[in-house]
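Written below as C-alpha cells is the structure these notes are about.
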Number of protein chains: 4
Amino acid sequence: MAEGLREACGVFGISGDSEAANLTYLGLYALQHRGQESAGIVSSDGQTLRAEVGMGLVAEVFTEERLKHLSGSLAIGHNRYSTSGSSDLANAQPLLARTSRGTFALAHNGTLVNAKEIRNWLESEGAIFRSMMDTEIVVHLIARSRQEAFEDRVVEALGMVEGAYSLLLMTEGALIGVRDPHGFRPLVLGRRQGAYVLASESCALDLIDGELVREIEPGEMVVIDRAGIRTFRPFESSSPAPCIFEFVYFARPDSTVFGRNVYQVRRRLGERLAAESPAEADIVIPIPDSGVPAAMGYAHGVGLPFEMGLIRNHYVGRTFIEPEQAIRHFGVKIKLNAVRASLEGRRVVVVDDSIVRATTSRKIVHMIRQAGATEVHMRISSPPITGPCFYGIDTPRREELIASNHSVAEIEKFLEADSLAYLSLKGMLEAVDGPGLTKPEGHFCAACFTGDYPVPVPPQEDLSSLKDSAAASAGEPPSR
Amino acid sequence: MAEGLREACGVFGISGDSEAANLTYLGLYALQHRGQESAGIVSSDGQTLRAEVGMGLVAEVFTEERLKHLSGSLAIGHNRYSTSGSSDLANAQPLLARTSRGTFALAHNGTLVNAKEIRNWLESEGAIFRSMMDTEIVVHLIARSRQEAFEDRVVEALGMVEGAYSLLLMTEGALIGVRDPHGFRPLVLGRRQGAYVLASESCALDLIDGELVREIEPGEMVVIDRAGIRTFRPFESSSPAPCIFEFVYFARPDSTVFGRNVYQVRRRLGERLAAESPAEADIVIPIPDSGVPAAMGYAHGVGLPFEMGLIRNHYVGRTFIEPEQAIRHFGVKIKLNAVRASLEGRRVVVVDDSIVRATTSRKIVHMIRQAGATEVHMRISSPPITGPCFYGIDTPRREELIASNHSVAEIEKFLEADSLAYLSLKGMLEAVDGPGLTKPEGHFCAACFTGDYPVPVPPQEDLSSLKDSAAASAGEPPSR
Amino acid sequence: MAEGLREACGVFGISGDSEAANLTYLGLYALQHRGQESAGIVSSDGQTLRAEVGMGLVAEVFTEERLKHLSGSLAIGHNRYSTSGSSDLANAQPLLARTSRGTFALAHNGTLVNAKEIRNWLESEGAIFRSMMDTEIVVHLIARSRQEAFEDRVVEALGMVEGAYSLLLMTEGALIGVRDPHGFRPLVLGRRQGAYVLASESCALDLIDGELVREIEPGEMVVIDRAGIRTFRPFESSSPAPCIFEFVYFARPDSTVFGRNVYQVRRRLGERLAAESPAEADIVIPIPDSGVPAAMGYAHGVGLPFEMGLIRNHYVGRTFIEPEQAIRHFGVKIKLNAVRASLEGRRVVVVDDSIVRATTSRKIVHMIRQAGATEVHMRISSPPITGPCFYGIDTPRREELIASNHSVAEIEKFLEADSLAYLSLKGMLEAVDGPGLTKPEGHFCAACFTGDYPVPVPPQEDLSSLKDSAAASAGEPPSR
Amino acid sequence: MAEGLREACGVFGISGDSEAANLTYLGLYALQHRGQESAGIVSSDGQTLRAEVGMGLVAEVFTEERLKHLSGSLAIGHNRYSTSGSSDLANAQPLLARTSRGTFALAHNGTLVNAKEIRNWLESEGAIFRSMMDTEIVVHLIARSRQEAFEDRVVEALGMVEGAYSLLLMTEGALIGVRDPHGFRPLVLGRRQGAYVLASESCALDLIDGELVREIEPGEMVVIDRAGIRTFRPFESSSPAPCIFEFVYFARPDSTVFGRNVYQVRRRLGERLAAESPAEADIVIPIPDSGVPAAMGYAHGVGLPFEMGLIRNHYVGRTFIEPEQAIRHFGVKIKLNAVRASLEGRRVVVVDDSIVRATTSRKIVHMIRQAGATEVHMRISSPPITGPCFYGIDTPRREELIASNHSVAEIEKFLEADSLAYLSLKGMLEAVDGPGLTKPEGHFCAACFTGDYPVPVPPQEDLSSLKDSAAASAGEPPSR
C-alpha cells in the first residue's frame, strides 16, 4: 500500500481520428490511476485549439457537451495529481499558450529539476507566470525561442531543462511526443486504424481498440503531422534510467511499460520474495488491490493457500467525514475490512508492494490480529524506500520515509508484526527482468531505494518552494 | 457478473449515540453496494426529526454541513437503487411523514407484492401519494390507523401488506426494526458502546467499531427506546425464506448474513462447482470483483493455478460517453481489461457468480480469446436463473433472463465458450450450509432458480406499473 | 415604502395556445412584484401534466430546457412570497396532485382563515400533508370529494373553506378560475388570439399582446375547456370586499385591477392628500419607486416643484453583506441615496404610500436632513395601518404596526419629521373611486385601516403556527 | 435610452481600513451601473495579495466566505462590461500579476488606443498573454521595466500607452491611482474615517459613509501607503477632455463627477431642450429610468404636466426567453409597459437622453401610440451621436449609429414620430456648466457628437480585433 507515493500524471495524445477528443477522454479514463485531481483535453480542428479542463476525475470533468466542443482530429489530454498541495485549477494541464508565433498546448508527466533556477531568470526578464507548475517554464522557453520551426523551438527549450519529462505538445496541425534522455517516465506509441497514439501506458490503447507499436525511446522526439511520423534524437545521449517503481506500484497491472507486462513482473517479485524470505504460516493474503499479484506469486512460491483476508471498499470519496469519537484505525477501515472467518486462528502472511511511512501498515497488522490471526508476518515485494523521488513522483520528505532512518528490525517492531522482510535490491532487479535475463543493475532508476540519483538534484532537495527563491542574476540564461 | 440484478436497498439505524447521524453516514457508506442512486438520513434529537436526502453516493450526498444539521442521538439511513427506471429524488428514502399523531420516518429494504391493490384502495379513499414507491403505502396505512401506540399502528399497517420488508421506523424517541415473516432480506442487530444498531449487513458494524449481536428473526419486531430494547412477534408465523442470492452476489464478502460469512460461502460454492464440473485447463481466472472467491475455491478444488487474467477499472462513472465509432465490447472494456501476458496460449477457466442476460458474459469470453487464450471454459457458481425476483431485487423481465428460455447447451453456444457449467441447486444449498450441515432445501428462497415463490405474486408479474391499474372498489380495504 | 407588507402571490393561466408555458413564463415575469421567492409552471398536453418549480425569480428558475419540457397548450403558473418564514421549495406552487381520479394542479393567491381547523380534521382522518401551506387543504378536500365531475369536486372543496382565494386549477383538459365570494384578491380574464387567459393583474396581458376582457367577479367560477368558456356562481353571495391596498401599494401602476388603473388612482390619492394636508415647503420628492405617482399628484395639488431627491439602486440582491463596523442607516442606504444638490437648503415634502413599522421611514427622514434639507415634512397617501391582513398579504403582527399603538403625533415625533400627515379613510375611498363616483365605504376591504374584517378571523390572530394546534375532534368535518 | 452604449468599467480602492474588502464590495455595488458582467476584488494584508473574481453582479459574485478570504486593510475592486463580446472570466479584473519583483494588482476603466501595436511588439519578444484585454499590456510593461521603485515602473509603463485610463494599482503595501493626461474617465478621492478611498463616482463614497475630497486631476498619480498620500504629475500635460456622456447617461444621478452633480446637470439639459425645442402637447413623459431628470426639466421648461406614461420592470434577467410566435416589440415590452390611462387621447412629449440605433426608440413611439396617444413628439437631451467612442465606452460601429448617416428629418420619419428634436451641442455644453459659467467648448470630450477625437485613433477604427493584426517588427518598442 504505497500511499504517500503518488504518480504525478498521465498523458495521452492522438492524431488522425475524427473523434480525437472522445478517444482521448477514454485514454485518460484508462490512465486515471496516474492522476485523479484534474483532467483536461485540448483539441485541434486544424485551425483552432479548444480546451476543456476541470478539477476531478475524467468522468466527472467531461460532459457530452464539453466533449462536443472539442472538435477536430488531433487532441492531447492530461490527468494530474497536485504536488506540493497546490490543488488548483490554475495548475491543471494541458497548458494552452497563445503567442504571436501561434498557439500550442502541452501536457507533461515528470518533474524538471532545474525549474526554479530557470524560472528566476525568466522572471527577471519580465516573464509573468500564471501557475506554480515547473511545466510552465517550457512554455515560456518555447515562446522566447527565435527558431523558425515549432519543433526547433521545442528542442531549444528542452535543451535548457533537466529532469524527467514524457511530454506531449500540439499545434494546430502537429502532435509531438518527447521523452527525456534518461527516459524516467514511460511513453508508448500506438496505432488505431489510421491514427497515431501516444500514451503513458499501453492499457490506454487496449480500451480504444488500439495496438501497441513500441516505446518512445529515452531522448527521442516524434513529430506526427500530415507528412506522417518522423523521429529525431535531438538530445545528447545519456544512460537510460526508467523508473522501476512503475513496476512495483504505479502502472496498471494490465499495462506493458518499458517492454514488460506489469502483472507478470509483480507476480515474479512475489515469487522471488518467497524464495528469499519464506514464512511458516497457514495462509497468504494481499493488501488489495496493489498487493494482489505479488501475494499470489508469494503464495505460489511458498506453497501456501492464497486467501482474501481483507476486502476493499471501492466507493471511497475524496474527503471523508470522521466522527468526533475516535474510531480505531479509521483511515484504514474506510478502505479495508478484515474477513474474520478467513483469519481467525490462522498464522497469516500479508504481502504488500512497499512501505512508505508505515503508519497505515501498522494499522493493518492490528486489524488482522483483531480479526483473530494468531501470527502476522509482513512481506514487502520491493526494498526499503530510503529517499524521495525528484523525477515525477510525489513522495513525502526524506525524514517521513520510515526506512530512511530505521532498520528493518526497528520497522518490524513498530509494525508489531511477528516478522517483516523486504525483497532485496538484487532480487527486485532480477525479477523485473525475468528468468534468464542478465542485465546490469544500472538499467533502471532505483534512486528511491539506493540514493543513486541519475540527474543531480538541488541541495535543498525541495523543488516545490518556488516562491522564496533567491533572485537569479538577470540578463543571462542559467548555464547547464 | 450479475449485472442486471440490483439490490434494491441498504438500511442502517442507531439509537443512543450522540453522533448518531455521523455513524449512520459511515454505516451507509459500508452498505453502498446495496444501492448507489440516492442516500438519506433522518435524525432525531428527541423532539424534532431532521432529514437530508440526495441523489448519488453517500460520500457525494453528505457534506459536513448537512451532517451537522442532523443532530440527535437517534438516526436511520437508507441507500437506494431505483427500480423501474424512476430515478428521482421523490423516490429517495427515508420517507418522512408529518401526521396529527406525530412525525415519523421510515426506511425500507424489500418489495411489497400487494402494493398496487392497497394503493388503489387508499387513493379511492382520498389519499394523495407523492411518489411511486410501494413503501409509501405503509406510511399511509400507519397514518390511518386508529391505534394509540405507534408500534401498534405499525403492526396494524404491516398486517395489511405482503412481501419482503426489512424495515426501520423512527419517531422522535424510538427506533423500530421489523423483518417480514419470511425474512427475505437480511437485518442484523449490533451494539456499539451504549448504543443499539440495526443494519442490513454486519460489515456496517465493523466500520464503526460495533459488534454483531444477532440477526433480527423473520417476523420479529424490535423497539428500542429509553426503556431499552423490547422484542415482539406480531405476525402469523411463516416458513423462513431468506434470499440465497445474498450469498451468491449481493452481500459484501466480509459480511455475515443469515448466520454465515459470505466470503467463505462463496469459496465453498467454487469448491463444490469444481467437484461437480472440473475442466481440463491451465489456469483459473475470476471475473472481478464478484467472481473472485468462487474462482479461488474452484482453482483450489481442481488444483489449477489461480491468476488475475482480467483487471477491473474502479473509476467507472455513472454515465460513460461512447464514441460514435463502435469500439468492440465497449460496455465491458470500460470496466475490464485482459492481461494478455497471463492468458496467451493458455486454456482458461473463467469463473463468475451468475449469468443474467449473457450478453456481457459473451463479450468477456471474446475478450479472453482475443487476448490469446486457446480455450475458454465458463463456470458459474450458482444454478441458471429462470425467473425474476419479486422480493426486493431489481431483475429484468422473465423473457430477458437467458436461462428462462434456453438450455445450458444453447447458452454455451451463445457465449461461444468451449464449455459451460452451472452449479447444481443441490450443490448450492449444501455449499451454503457448509460441510456437515443437513438442512432441507426449503430453508432459503431460491425462487429465481426454482420458480417456487414463497409469497404469491400478481399474475401479470409486474409490480412497477402502478399508474395504469384498474380502480379498486372504494370504501373497503382489499381482503388479504 | 410599505416594506414589511408583502403580496403573497401572483397567478397566471392560459388555455388554447401551443406555447402555453412560454406565455405563462412571461405572464409570471410581469407579475414578479407579487412574489419573488419561488416560481412554478405546470403544463398539460391533454394527457400528461408536467411541472417545473424552483426557488428564485422567474428569470432564474426557468431555463429554455425547463420551458421546453413544459409542452402543451394549457398551463398555469405561480409566483410566491414565503409567509411565516418558511422559505422552502416544498411550499412552492403550483401544487400537483396525483389521485386515483386523475391528476390536477392548483395555484392560489390568498389566505384561508379556517385552514388550521380543516387541516386538523383531515390529519385526524389519516391525511398526510407535505407542506405547511393552507392551499394544500384544498388539494386534500378535492381528493376526498365523492362528486363525479372535477368542477363539482372543486365546488364541494371550496364550500368548506373560508377566506381569500383567487385560485387557478387545471386538469389534463381544463383550466378553472375561481374568486372567493368577497373577491379579496384580483383576477382578470383576458384573450390572446384564440386563447383565454386568467391573471392576477392586467399588466400580464399587456406583455403577451393580450387584451383585457373583464374581471372574474367575486364568487364566480369559470371553466375553460374544449367546449369553450362557461361561468358559474356556486357560492352563496356575500358583499364584495376587494383589497384597497392593491391600489395603495401592491399592484403595478400600469395594471388595471378592480376596474381602475392603478397609476391614476395613486395620483388621485396624492392630490387628495395635498387638499387635506398641504405643506409649506420648497419641493416635493417621492420615496421611489412606490411613492412616485402619489408624490406627483401631491406636488401638482400644492403647486410645488416635483424633484427626485432620492435615487434608488435597482441591483439589490436578496442577501446583502454588511460590514462589522456599523454604517449609518445601512439597510436604507443599500437601496436609496440622497441627491444633496437637490435637497440642500430646501424645505422638503417627502411622500410615501404607507408606514408599517416606521423604522425605515425614520432613517429616510434622517438621510434627507443629512443631505442638507432644512425641513422634512412627511405625507402618507393612505390612512394609518392599525391591524394585520388575514386575506393574502404577509403583514407583521399587530404590535409591530406603529399605528396600532401610537398616535400620529407620536409617530411624527418618532420619525423626527417636522410634520406628518396621513390621508383620511374617507379621502382614500373617494380618491379610489375618482371624482363624481359616490359609492358606500364598504365596497372595499380596508380592514388593515379600520379593523372591520369582512370574514371573521381566529381569535389568536395567527394563521401560521399550524404545528402546535390542538387536535380537532376526529371523524367529522368542522362546521362552518 | 442609450442602449448599445455601455460603460466599460467601475473601479474602487481603499487603504487604511481593517474591513477594506467589505467596503470595496459596497463601493462596487454602488458602481454596479458601470459594469454588470464580472466583479472582482484583490486585498492585501501587507504581505499577501488575495483575489476573488467572478462573472455576474457584485451581490452574486461575493459570498460572505469569499469576502472573509479577502483579509487586510488594503483592497481594490472592479466591475466590468465585456467589450467585443468576449464575456469570459479570463477577461475579468482586477488583474493579478506575480513577478520576480513582487506581486501587484490592477483595475482599469478606459481603453488604450495603441494596445494592439504594443501587444504585437511584446509578443514578438516572447511575452505570453492570457487575455484579450488591452489592460494586460500594462501588466507586461510593468513587469519588464528595469526601474527600482514600483511607482517608477508604473510611470515607465504608462509612458508607453495612449488613450483613456482611470487606473488603480496595488502592491502589498501601497494603493496607487492614476488618471490619463486627458482625464477621459472620472476618478475621485475620498476619505472614510482614517482611510483613503479612490472611486469612479462619488455615489460609492455615500454608501460607505465616506466624504468626497476632490477629483484626481487629469495626468495625476497619487500614491497612498504608510507614509500617507503623495501626489505626482509624471506625464506631459495635455488639454483635459473629460467625457461629457457621463453627464448625459453613464454616471448615477446622485453622483458628483467632474465637479458637478449629475442629476442637476440632467435637469438643466431638459430645461435647455425645452427652450430650444418646445412642443405643443398635453403631457411630458420620460423613458425611465435614464430619461427622468431631463423630462422633469423639460416639463418644467415648457410648463406642461410631467407624467409617468411608461412603467419599467426592474426584474429583467440577463437572458430572456422569447416565444416562437412573435410578440410585437418584445425587446422593449420586457422592460417597459405603457399606462393607457395616462396616454389615451393625449398629445405626448417623450424625453430620452440619447438615440443610438433608433430601433428601440421607434418601438417606444409605437407603444405610446398604441396606448392611445394622439401625437408623439420625441425630444433628446443631447445632440445626435455621429461617431463611436474609443476611450472606454462600448459603442456600436459607426455605420450602426443612425445619426452618422441620417439627418434629423430622416430619423424623425424612421421613428414615425410627429416631431423629433435633439439638444444642440452649444446648448448641451452650456447646460453642463450651468447658468453663469462661461467655459470654452473644448473643455469636454464630445467626440461622439463632434468627431473631434482628442487622442488619434487607429485608422481601422477597431481596437477589438487583436488577433488578426499584422506582426509588428520584433526587437524594438513601437515609437509613440
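By convention in this document, chain letters (A, B, ...) are assigned in the order of the sequence lines, proteins followed by strands, and residues within each chain are numbered from 1.
The shortest distance between side-chain heavy atoms of D/Asp289 and C/His314 falls below 4.5 Å. Side-chain atoms of D/Arg340 and C/Asp254, non-hydrogen and from C-beta on, never get closer than 4.5 Å to each other.
For a residue to count as touching a neighbouring chain, one of its non-hydrogen atoms must lie under 4.5 Å from one of that chain's; by this rule C/Ala30 touches chain D with the backbone only. Of the two parts of D/Val292, only the side chain, counted from C-beta on, holds a non-hydrogen atom closer than 4.5 Å to a non-hydrogen atom of chain C. Heavy atoms closer than 4.5 Å to chain C are found in both the backbone and the side chain of D/Gln325. In this structure, chain C has a heavy atom under 4.5 Å from the backbone of D/Ala338, while its side chain stays farther away. With a threshold of 4.5 angstrom between heavy atoms, D/Glu307 approaches chain C through its backbone and through its side chain. Looking at D/Thr63, only its backbone comes within 4.5 Å of chain C, counting heavy atoms on both sides. For C/Gln264, the part sitting under 4.5 Å from any heavy atom of chain D is the side chain, from C-beta outward, and nothing else. Heavy atoms closer than 4.5 Å to chain D are found in the side chain of C/Gln193, but not in its backbone. The contact between D/Met308 and chain C is made by backbone and side chain atoms together, counting heavy-atom distances below 4.5 Å. Only the side chain of D/Phe330 comes within contact range of chain C, with at least one heavy atom under 4.5 Å from a heavy atom of that chain.
Between the CG atom in D/Asn261 and the OG atom in C/Ser342 there is a gap of 6.0 Å [rounded to 0.5 Å]. Atom CD1 in C/Ile334 sits 4.5 Å away from atom CG in D/Leu207 (nearest 0.5 Å). Note that CG of D/Asp206 and CD1 of C/Ile327 are 11.5 Å apart. Values are rounded to the nearest 0.5 Å.
The closest donor-acceptor contact from the side chain of C/Asp209 to the backbone of D/Arg328 lies under 3.5 Å. Side chain of D/Glu64 to backbone of C/Ile321: no donor-acceptor contact under 3.5 angstrom is found. Put simply, the side chain of D/Gln32 never gets that close to the backbone of C/Tyr315: no donor and acceptor are under 3.5 Å apart.
Considering only heavy-atom pairs separated by less than 4.5 Å from chain C, the leading option among D/Leu26, D/Leu67, D/Val262 is D/Leu26. By number of non-hydrogen pairs under 4.5 angstrom with chain D, the leading residue of C/Val339, C/Asn313, C/Leu310 is C/Asn313. Interface check for chain C: of the options D/Glu322, D/Arg267, D/Gln370, the most heavy-atom pairs under 4.5 Å are formed by D/Arg267. For the set D/Ser18, D/Pro293, D/Ala341, the entry with the most heavy-atom pairs within less than 4.5 Å of chain C is D/Ala341. In terms of non-hydrogen atom pairs under 4.5 Å with chain C, the most contact-rich of D/Glu19, D/Lys333, D/Met296 is D/Glu19.
Residues satisfying the side-chain contact (heavy atoms from CB on, under 4.5 Å) test with C/Pro253, not counting sequence neighbours, are C/Tyr263, C/Arg266, D/Ile311.
The number of heavy-atom neighbours closer than 6.0 Å to NE2 of D/His366, taken from other residues, nucleotides and ligands shown, is above 12.
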